[in-house]
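Within every chain, numbering begins at 1; the chains are lettered A, B, ... in the order of the sequence lines, protein sequences first and strands thereafter.
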Number of protein chains: 2
Amino acid sequence: MRRNPERRQTLIDAAIEVLAKEGARGLTFRAVDAEAAVPPGTASNYFANRDDLFTQVGGRIYERLLPDEATIARSREGVQDQTRYAELMHELVHRVSAFNSGYLALLELRLESTRRPELRAVLTKRIREDIDANIGHHTASGLPGDSTSVMLLYLALNWLIVERLTLPDIFTEQEIHELVDAAVQRSLNT
Amino acid sequence: MRRNPERRQTLIDAAIEVLAKEGARGLTFRAVDAEAAVPPGTASNYFANRDDLFTQVGGRIYERLLPDEATIARSREGVQDQTRYAELMHELVHRVSAFNSGYLALLELRLESTRRPELRAVLTKRIREDIDANIGHHTASGLPGDSTSVMLLYLALNWLIVERLTLPDIFTEQEIHELVDAAVQRSLNT
DNA sequence: AACGTAGTACTACAGGTGGAGTGGTGTCAA
DNA sequence: TTGACACCACTCCACCTGTAGTACTACGTT
């Protein structure tokens with residue numbers, strides 16, 4: 001098992017692209033090698049087996065989907081009212097949609113996790129933490145709405161992103177924009 | 001190309017199970033043969049190629065996810081108020097969750113459709129029609145809420161089902177129940 | 001400065017799996 | 001008798017894993 005951390009990172013990021021492009025079943029050592037443009041056999045040296053590869057990707061993917069420190073800091077500035085909240089949600093949808101392959105890879109991982117208990121455990125932990133953090137942040141911000149509001153928004157926005165990424169012709173950009181606004185407004189409306 | 005329609009049906013239904021179990025990439029002629037318990041080579045005789053197989057499954061899967069006539073008729077009986085609406089949504093979540101493999105297969109198809117334009121066209125058409133039908137039905141029923149309400153509910157419930165099927169430990173049954181209620185209540189709240 | 005060692009990159013190969021496609025034979029019904 | 005279909009068998013091929021072996025590089029030792 002090799003230890004070069006940059007190379008491992010490169011391989012995991014390549015694996016994310018492979019997942020998005022080829023699907024979970026297409027995630028093989030050789031495919032990762034090819035995507036990362038390293039010699040065949042390299043991924044074999046960095047991951048014990050496919051299960052290990054899936055689990056490591058599951059741990060990393062979420063980091064790449066979350067906003068960076070600067071974005072988080074910026075999100076806490078200014079007045080915290082509903083308009084501002086809607087703005088942040090628009091940003092969120094764009095940010096996630098922009099890292100297209102990352103979100104598709106996460107979906108692939110979710111589906112794969114129905115077959116891999118270890119992966120399921122990793123994803124469950126990460127996502128539960130994220131939801132709780134969002135609820136905590138929301139509560140602290142003094143915005144109207146309760147924890148249910150946060151979860152409803154989480155639900156609606158997630159599927160909105162799925163819709164946009166997988167079947168982009170279902171909703172127009174305009175409709176997506178309006179749906180985000182409506183989701184914020186109505187979910188906060190306790 | 002063989003024409004026996006019952007056998008074709010059997011093969012397509014088997015393909016749905018394969019999709020749910022093995023993922024999109026695992027949907028091969030041989031896997032369908034095995035799942036349908038027919039001799040190897042049979043699926044080859046019924047579908048021109050994998051693309052054809054995907055497209056035909058895409059056309060069929062939605063029929064199996066929609067409620068049957070009796071259920072639809074029943075849903076239009078009685079008073080049409082918010083309580084009744086919530087009841088129907090609980091039923092919906094259960095029905096779809098119960099046909100577990102069908103919903104997972106649809107998710108696999110969505111992801112696969114990022115690679116197969118023909119499949120994407122089929123799915124887009126079906127789903128758009130379903131949304132429009134739901135909006136139409138809602139408007140005709142005289143319930144409070146507008147078309148945005150219907151779409152917000154569509155978004156939230158879809159992801160709720162995803163969550164439940166892929167990472168069942170994120171939300172408890174109790175939380176799911178409450179989220180459905182809250183989703184109905186707040187989305188109708190114009 | 002020369003040498004040895006450890007860790008890693010790269011290459012090559014052996015062994016195995018599984019799927020596509022097709023042609024041939026048997027069977028049944030019109 | 002003929003046509004459509006079920007069933008079976010076989011060939012070709014693509015691809016993947018795991019690993020052994022070689023080359024390279026950096027670093028520490030003397």
Side-chain angles (χ1 to χ4, degrees), chain A residues 1-58 60 105 108-109 111-119, chain B residues 1-58 60 101 105 108-109 111-112 115-116 118-119:
Chain A
M1 185 81 57
R2 304 296 153 82
R3 313 227 154 268
N4 183 337
E6 291 103 45
R7 204 142 225 253
R8 161 162 274 123
Q9 200 81 294
T10 308
L11 290 171
I12 293 179
D13 287 346
I16 292 173
E17 295 302 319
V18 172
L19 270 175
K21 281 189 211 159
E22 311 290 341
R25 183 108 167 208
L27 183 66
T28 66
F29 290 157
R30 286 298 191 267
V32 172
D33 292 334
E35 177 70 32
V38 297
T42 303
S44 290
N45 288 328
Y46 277 84
F47 307 96
N49 44 49
R50 283 186 78 220
D51 219 79
D52 184 33
L53 175 57
F54 272 107
T55 312
Q56 292 201 30
V57 173
R60 167 105 176 114
E108 293 280 359
L109 285 178
L111 287 170
E112 187 66 19
S113 80
T114 61
R115 286 155 237 152
R116 297 183 190 271
E118 232 179 295
L119 177 59
Chain B
M1 184 81 57
R2 305 295 153 83
R3 311 228 156 268
N4 181 338
E6 291 103 46
R7 210 166 169 97
R8 161 161 277 126
Q9 199 80 293
T10 308
L11 289 171
I12 292 179
D13 287 345
I16 292 173
E17 295 302 319
V18 172
L19 270 175
K21 282 188 209 159
E22 311 290 341
R25 183 108 168 207
L27 183 66
T28 65
F29 289 158
R30 287 298 190 267
V32 172
D33 291 336
E35 178 70 32
V38 296
T42 303
S44 289
N45 289 326
Y46 275 85
F47 306 96
N49 45 49
R50 282 186 79 219
D51 218 79
D52 185 31
L53 175 56
F54 272 107
T55 312
Q56 291 200 31
V57 173
R60 166 105 176 114
S101 47
E108 292 281 359
L109 285 178
L111 287 170
E112 187 66 19
R115 287 155 236 151
R116 297 181 191 273
E118 233 179 292
L119 177 59

Determine the contact category for Phe47(B): base if any of its heavy atoms lies under 4.0 Å from a base atom, sugar-phosphate if only primed atoms, P, OP1 or OP2 are that close, otherwise nothing.
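Since no nucleic acid heavy atom lies under 4.0 Å of Phe47(B), the category is nothing.
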
Quick one: label Ser44(A) by what it contacts on the DNA or RNA (base, sugar-phosphate, nothing), any heavy atom closer than 4.0 Å.
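Answer is base: heavy atoms of Ser44(A) come under 4.0 Å of a base.
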
In whole angstrom, what separates [X]'s [atom1] from [N]'s [atom2]?
{"X": "Leu53(A)", "N": "dG18(D)", "atom1": "CG", "atom2": "P", "value": "11 Å"}
{"X": "Leu27(A)", "N": "dC16(D)", "atom1": "CG", "atom2": "P", "value": "11 Å"}
{"X": "Leu11(A)", "N": "dA9(C)", "atom1": "CG", "atom2": "C1'", "value": "12 Å"}
{"X": "Glu6(A)", "N": "dT8(C)", "atom1": "CD", "atom2": "P", "value": "11 Å"}
{"X": "Arg25(B)", "N": "dA14(D)", "atom1": "CZ", "atom2": "C1'", "value": "11 Å"}
{"X": "Met1(B)", "N": "dA6(D)", "atom1": "CE", "atom2": "C1'", "value": "16 Å"}
{"X": "Asn45(A)", "N": "dT17(D)", "atom1": "CG", "atom2": "P", "value": "13 Å"}
{"X": "Asp33(B)", "N": "dA20(C)", "atom1": "CG", "atom2": "P", "value": "9 Å"}

Position toward the 5' end of DNA chain C (nearest nucleotide), Arg3(A) or Gly41(A)
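With Arg3(A) and Gly41(A) compared, the 5'-side residue is Arg3(A).
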
Using 0.5 Å steps for rounding, measure from the CZ atom of Arg8(B) to the CZ atom of Arg3(B).
7.0 Å

For dG18(D), does either OP1 or OP2 sit under 4.0 Å from a side-chain N or O belonging to Tyr46(A)?
no

Counting just side-chain N and O atoms, does Asn4(B) come under 4.0 Å of either OP1 or OP2 of dA6(D)?
yes

Could you tell me whether the side chain of Phe47(A) reaches within less than 4.5 Å of the side chain of Ile12(A), counting heavy atoms only?
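Ile12(A) vs Phe47(A): side chains touch.
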
Going by heavy atoms in the side chains, are Arg60(B) and Asp13(B) under 4.5 Å from each other?
yes

Closest non-hydrogen contact found for Leu53(A) with Ala15(A) is CD1-CB, 4.2 Å

Which one, [options], comes nearest to the side chain of [X]?
{"X": "Phe29(B)", "options": "dG21(C), dC16(D), dA6(D)", "value": "dG21(C)"}
{"X": "Arg30(A)", "options": "dA20(C), dT17(D), dA6(D)", "value": "dT17(D)"}
{"X": "Arg7(B)", "options": "dC10(C), dA6(D), dC16(D)", "value": "dA6(D)"}

Is the base of dG19(C) touched by the side chain of Arg50(B) through a donor-acceptor pair closer than 3.5 angstrom?
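Under the 3.5 Å cut-off, the side chain and the base do not form any donor-acceptor pair.
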
So, under a plain 3.5 Å distance rule, would you say the side chain of Arg2(A) forms a donor-acceptor pair with the base of dA9(C)?
yes

Is a side-chain N or O of Arg50(B) found less than 3.5 angstrom from the main chain of Leu27(B), in a donor-acceptor match?
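Side chain of Arg50(B) to backbone of Leu27(B), a donor-acceptor pair under 3.5 Å: yes, one is there.
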
